[in-house]
Structures are given as C-alpha cells and as structure tokens.
Amino acid sequence: MLFNSYVFLFGFLPVVISVFFILQKLNFNKRYAIAWLILSSLFFYGWWNPPYVILLVSSVVINYFFGQLLNRHKSSSILILSISFNLLLLGYFKYFNFFLENAAYFFDTSFNFTNIILPLAISFFTFQQIIYLLDSAKGLTEKYTFHEYALFVTFFPQLIAGPIVNHKNIMPQINDSSFGSFKVENLAVGISIFFIGLFKKVVIADTLSGYVGPVLDANEVGIQLTYIESWLGMIAYSFQLYFDFSGYSDMAVGLARIFGIT
C-alpha cells in the first residue's frame, strides 16, 4: 500500500485518523490510541504479504524481551545473543537464496528449494531494534512499556522505507501523557507537509519518469540519442530520483505529525 495509492489516500488514512481522534474525544486512555496505531500499522504492513505480519510481530516480541533482560542484567552475553538473533534472521531472508544459488553453480549441481520472498522492510525494523538493544544494555530504555515499544517499531509512516529512527527521538513523544490528544496544529501542519510530498511524488517525479523511461530504454531498442537528449535524460533522471525520495520523506514526516510525532 503506497502513500500515493487511492486505497491509502481514500480508505486507510481517513479511517486511521478518524478512529485515532474519536478515541481521544471519548476520553479513552492513550493506550487505546497507541493500540489502534499498532493494529493499523500491522494492517498496513500485511497489505503486502499477510503471513509476514507474524514475522514482524515475533521480532518485536522477542526483541522487547531481550531489551528487558538487558535492562536488568547488562550482560554482554545477552547482548551478543540478541544481536546474533537479529542478524541471523536478516541473513536468512536476504542471503539464503544467494548462497544456495552460488553453491549450486560452484558444485555444478542443483538444489530443490522454494525461493524465499524477502520480507518488506526487514532491514529497517531489524537495525532499528539492534540500536534499541545497544541502548538497553546501557540502561537507557527501562521506562518504556511493550505497547510503546511496539508502536516505535511498527509505526506505519516509517515502517516500509525508513528512516531508521532512534528510540531517544520517538519514544519520549509516545511516552508523553499528552500523546493521543487532538491538536488542530498537528493535523493542519501534518496534512500540509503530506500534500507537499504527494505533489513532489505524483506531479514532479512521476511526470519526469514518463520522459526518463524512453531515454534509458533507447539503447536497448536501437535508438541513437543526440548529445542534448542524453544529457536531458540524465538530468531528468536525477530530478526524478530526488523528488521521488524527497516526496516520500515529506509524506512520512507529515503522516507522523498528524498523530503528534515529530
């Protein structure tokens, strides 16, 4: 589910925002607002491949457990074990197919195995949690509850493509007693930043891609480009990349601000 897709803009996002603020209007504890954002984020993640929600949830639960152990014991053995768990999980999904394919080529044989589908954003949420574990070993994460940690990891504006954020920047905001309260300023500023990013992505980056594609494909179909056409194509490609990523970044920042996270 992309930020610029119709299902996100006209389905997912309005529902998430509406329920988030309704919970506050009904004077529910902020934990309900946090729980709602966690469930919404898991739905957002599962839209791509539902079974991998189990992987994400398992990673969050196990790493929070490791974090609690490190807060209590400050053990280097636990820290090594916890980081090894994350790196092995990442290595299995990212590189297992690669190693088998190269082994098959090297030994001139074949293996009967099913290709492992790389889970969306596994690098982002793995490294984000490793940073959390390192700070847990220093006793810097003791005051946070499981639901605050779960939202920190799964929060949908930064879950799919980052950025990798430090708990020191995000979790104090979630831990604050005012989190979940409706603020017109957050809503107005967040929506404004989001639509600036949407404009960059849809109007600028996607428009440029219509010109860049044929230029990049010209050589493959035997078309000889002029000097000017080549340079314009490369310049347009640079702007396309910039506005695509800049637009995504603005949309992520704006979405987080809507819910009170800067």
Side-chain angles (χ1 to χ4, degrees), residues 1-3 5 7-8 11-13 15-16 31 34-71 77-103 111-137 141 144-167 169-171 174 248 251-252 255-256 259 261:
M1 192 189 308
L2 300 175
F3 290 163
S5 65
V7 67
F8 181 87
F12 177 82
L13 186 59
V15 171
V16 175
R31 290 191 177 188
I34 292 176
W36 170 246
L37 286 180
I38 293 171
L39 290 174
S40 301
S41 298
L42 293 178
F43 178 84
F44 176 82
Y45 185 80
W47 187 265
W48 171 74
N49 194 338
Y52 278 141
V53 172
I54 299 173
L55 173 67
L56 175 59
V57 172
S58 300
S59 177
V60 169
V61 172
I62 293 171
N63 278 294
Y64 181 75
F65 171 74
F66 276 131
Q68 292 299 297
L69 283 179
L70 288 167
N71 278 324
S77 298
I78 296 174
L79 179 61
I80 292 171
L81 177 63
S82 62
I83 293 177
S84 298
F85 161 76
N86 283 282
L87 293 180
L88 286 171
L89 191 69
L90 181 64
Y92 171 74
F93 282 103
K94 290 200 75 168
Y95 302 112
F96 187 72
N97 286 336
F98 171 79
F99 286 129
L100 283 183
E101 289 170 2
N102 280 274
F111 297 102
N112 293 319
F113 66 93
T114 302
N115 281 335
I116 299 168
I117 301 175
L118 182 65
L120 195 64
I122 187 171
S123 297
F124 289 106
F125 68 74
T126 297
F127 286 118
Q128 188 161 310
Q129 292 184 102
I130 287 176
I131 296 170
Y132 178 87
L133 292 171
L134 291 169
D135 281 345
S136 294
T141 64
Y144 301 123
T145 63
F146 173 74
H147 63 279
E148 291 169 345
Y149 174 75
L151 180 58
F152 159 68
V153 178
T154 64
F155 191 42
F156 72 88
Q158 57 88 45
L159 174 61
I160 301 301
I164 296 174
V165 294
N166 193 297
H167 74 92
N169 298 326
I170 301 299
M171 293 186 74
I174 301 173
Y248 165 80
M251 286 189 280
L255 287 169
F259 301 103
I261 294 180

Working to the nearest 0.5 Å, report the span between [atom1] of [X] and [atom2] of [Y].
| X | Y | atom1 | atom2 | answer |
| --- | --- | --- | --- | --- |
| Asn49 | Leu56 | CG | CG | 12.0 Å |
| Gln128 | Asn63 | CD | CG | 11.0 Å |
| Leu55 | Ile122 | CG | CD1 | 5.0 Å |
| Ile83 | Phe127 | CD1 | CZ | 11.0 Å |
| Leu69 | Leu79 | CG | CG | 11.5 Å |
| Thr141 | His167 | OG1 | NE2 | 6.0 Å |

Residue list, side chain to side chain donor-acceptor pair (under 3.5 Å) with Thr126, at least two apart or on another chain: none
With Tyr64 via side chain to side chain donor-acceptor pair (under 3.5 Å) - residues at least two apart: Gln68
Side chain [X], main chain [Y], donor-acceptor under 3.5 Å:
| X | Y | answer |
| --- | --- | --- |
| Tyr45 | Leu120 | yes |
| Trp36 | Val16 | yes |
| Asn86 | Ser82 | yes |
| Ser5 | Leu2 | yes |

is_close_aromatic(Phe125, Tyr132), centroid dist under 6.0 Å: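 For Phe125 and Tyr132, the ring centres are not under 6.0 Å apart.
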Neighbour count >12 (heavy atoms, 6.0 Å) for atom CZ, Phe146: yes
Going by heavy atoms in the side chains, are [X] and [Y] under 4.5 Å from each other?
| X | Y | value |
| --- | --- | --- |
| Asn166 | Asp135 | yes |
| Leu87 | Ile130 | yes |
| Ser123 | Leu90 | yes |

Under 3.5 Å, sequence neighbours excluded: what are the donor-acceptor pairs made by side chains of residues 149-164?
unit_1, atom_1, unit_2, atom_2, d
Tyr149, OH, Gln129, OE1, 2.7
Thr154, OG1, Ala150, O, 2.7
Gln158, NE2, Phe155, O, 3.4

Phe43 and Phe12 aromatic ring geometry - parallel, tilted or perpendicular at 30°/60° bounds: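 Plane angle under 30°, so parallel.
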Ring geometry between Phe8 and Phe44 (parallel below 30°, tilted from 30 to 60°, perpendicular above 60°):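 Rings of Phe44 and Phe8: perpendicular, over 60°.
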Candidate pair Leu13 and Leu255, rule side-chain contact (heavy atoms from CB on, under 4.5 Å), full reasoning: CA-CA 9 Å; Leu13 186 59; Leu255 287 169; 3.6 Å; yes
